[in-house]
**Q** 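This structure is in structure tokens; I'll ask about it shortly.
Count residues from 1 along the sequence. Just so it is clear, the values below take in all heavy atoms, side chains as well, and ignore hydrogens, waters and symmetry mates. Every value quoted in this text rests on a predicted model; they were computed, and no experiment measured them.
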Amino acid sequence: MDIIALLIIIGLCIGSFLNVAILRIPKGESVSLPASHCTHCLHPLAWYHNIPLFSWLFLRGKCAFCHGTISFQYPLIETLSALLYVCAWIQTGELLQALIFGTVFALLLSLSLIDLRYKAVPDALSLPALILSFLTNNPLLALEQGLLFMGGFALLRISLSFALKKEVMGEADIIIAGVIGALLGIKLGLLAIYLSAVIALVAFMVVRKKGYELPFIPFLSAGLFVTWFWNDFALILLGKLYE
Ligand SMILES: [Zn+2]
């Protein structure tokens, strides 16, 4: 129980940091300077206005100085990030592994949001996710499978771009493919990518706006997380497919 409480606190703090990163990295601003301030009145925040989740609840989503609305994104990302660390603990049962997996998924969460909002995928967040994904239980195997997936995706990208005569998929998708290969291995990794494509297709049919380019990172991340967290179920499904 103590470990879960610890992971929730770490998850909330990482989520809080990622909120700043989501807001500042796409604009090319520093994540450490200037100190946290209200986005409306620019008033610097006191430390007690900056406690993940609780400050937002305590302030009821409004700035203490100008009463401007504080985006619901802040508590949402913090809560989801804490949940990801708890899921990582449930799945790995080991503190260090839970921290590594939790951080990879929290980074993917922030990358998904940045991709949705700005159609950008900053290396400053995707590369740490890739490196961390190589530090799981079996680093050599993770590295091998991660690189294999990256190579596969790079080939797919080149051939698809050639066939369609336009550039498809970003370099960022290749990095995320590396994370998928490293965390899941070949068979489950392919299942995750298939799942991402299905979720993306459903989203595409729902949105259906002309000229709207669907960001792919949120779907790759969702496919990865679902396959990883429910891997028992995924393995049974794969077993049935291979029969
Ligand atoms: Zn304010």
Side-chain angles (χ1 to χ4, degrees), residues 25-26 101 104-136 138-231 233-235 237-243:
I25 289 180
F101 279 98
V104 171
F105 288 125
L107 284 167
L108 289 179
L109 173 67
S110 61
L111 283 167
S112 299
L113 216 76
I114 294 175
D115 197 17
L116 270 174
R117 274 192 160 184
Y118 305 96
K119 298 283 153 56
V121 189
D123 291 344
L125 296 172
S126 62
L127 288 178
L130 181 65
I131 292 163
L132 278 174
S133 72
F134 293 148
L135 298 178
T136 50
N138 191 340
L140 267 184
L141 187 67
L143 186 67
E144 186 188 314
Q145 292 173 334
L147 291 180
L148 195 74
F149 258 60
M150 289 175 83
F153 247 61
L155 268 180
L156 189 67
R157 181 179 182 225
I158 294 167
S159 39
L160 274 181
S161 301
F162 181 76
L164 299 172
K165 294 194 176 66
K166 64 169 193 174
E167 206 163 314
V168 291
M169 303 198 292
E171 270 161 34
D173 296 323
I174 295 174
I175 296 177
I176 304 306
V179 176
I180 293 176
L183 295 191
L184 292 177
I186 313 289
K187 282 184 187 171
L188 282 178
L190 288 175
L191 182 70
I193 288 169
Y194 176 74
L195 194 62
S196 316
V198 172
I199 304 172
L201 200 67
V202 173
F204 186 73
M205 301 216 289
V206 172
V207 177
R208 264 203 174 186
K209 251 192 276 174
K210 242 195 163 173
Y212 179 75
E213 254 186 69
L214 218 54
F216 209 50
I217 302 295
F219 303 110
L220 285 175
S221 305
L224 164 62
F225 181 76
V226 168
T227 310
W228 183 77
F229 193 67
W230 283 282
N231 72 357
F233 183 70
L235 282 170
L237 193 72
L238 271 185
K240 289 260 186 288
L241 290 176
Y242 277 94
E243 257 168 27

**Q** Could you tell me which non-hydrogen atom of K119 sits nearest to which non-hydrogen atom of P215, and how far apart they are?
**A** CE-CD, 4.0 Å
**Q** Which heavy atom of T136 sits nearest to which heavy atom of A182, and what is that distance?
**A** OG1-O, 4.5 Å
**Q** Ignoring hydrogens, what is the shortest heavy-atom contact between K187 and L238? Give both atom names and the distance.
**A** CB-CD1, 3.7 Å
**Q** What's the separation between atom CG in L130 and atom CZ in F134, rounded to the nearest 0.5 Å?
**A** 4.0 Å
**Q** If you look at every heavy atom in A177 and F153, which pair is closest and at what distance?
**A** CB-CG, 3.5 Å
**Q** State the CG-CG distance between L160 and L164, to the nearest 0.5 angstrom.
**A** 5.5 Å
**Q** As an exercise, state the distance from CE of M150 to CD1 of I176, rounded to the nearest 0.5 Å.
**A** 9.5 Å
**Q** Would one find more than 12 heavy atoms of other residues, nucleotides or ligands at under 6.0 Å from atom CG of L140?
**A** no
**Q** Compare every heavy atom of V104 with every heavy atom of A129, then report the nearest pair and how far apart it is.
**A** O-CG2, 3.8 Å
**Q** If you look only at distance, which donor and acceptor atoms sit under 3.5 Å apart when one is on a side chain in residues 106-115 and the other is two or more places apart or in another chain?
**A**
residue, atom, partner, partner atom, Å
S110, OG, L107, O, 2.8
S112, OG, L108, O, 2.8
S112, OG, S221, OG, 3.4
D115, OD2, I217, N, 3.2

**Q** For residues R157 and I174, determine if any side-chain heavy atom of one lies less than 4.5 Å from a side-chain heavy atom of the other.
**A** yes
**Q** Mind checking the CZ-CD1 spacing from F225 to I180? Nearest 0.5 Å is all I need.
**A** 13.5 Å
**Q** Would you indicate whether Y118, at its atom OH, is surrounded by more than 12 heavy atoms from other residues, nucleotides or ligands within a distance under 6.0 Å?
**A** yes
**Q** In terms of ring plane angle, is the pair F105 and W228 parallel, tilted or perpendicular, where the classes change at 30° and 60°?
**A** tilted
**Q** Identify all side-chain donor-acceptor contacts of residues 188-206 below 3.5 Å with residues at least two apart in sequence or on another chain.
**A**
residue, atom, partner, partner atom, Å
S196, OG, A192, O, 2.7
S196, OG, F219, O, 3.2

**Q** How long is the gap from CD1 on I25 to CG on L125, to the nearest 0.5 Å?
**A** 4.0 Å
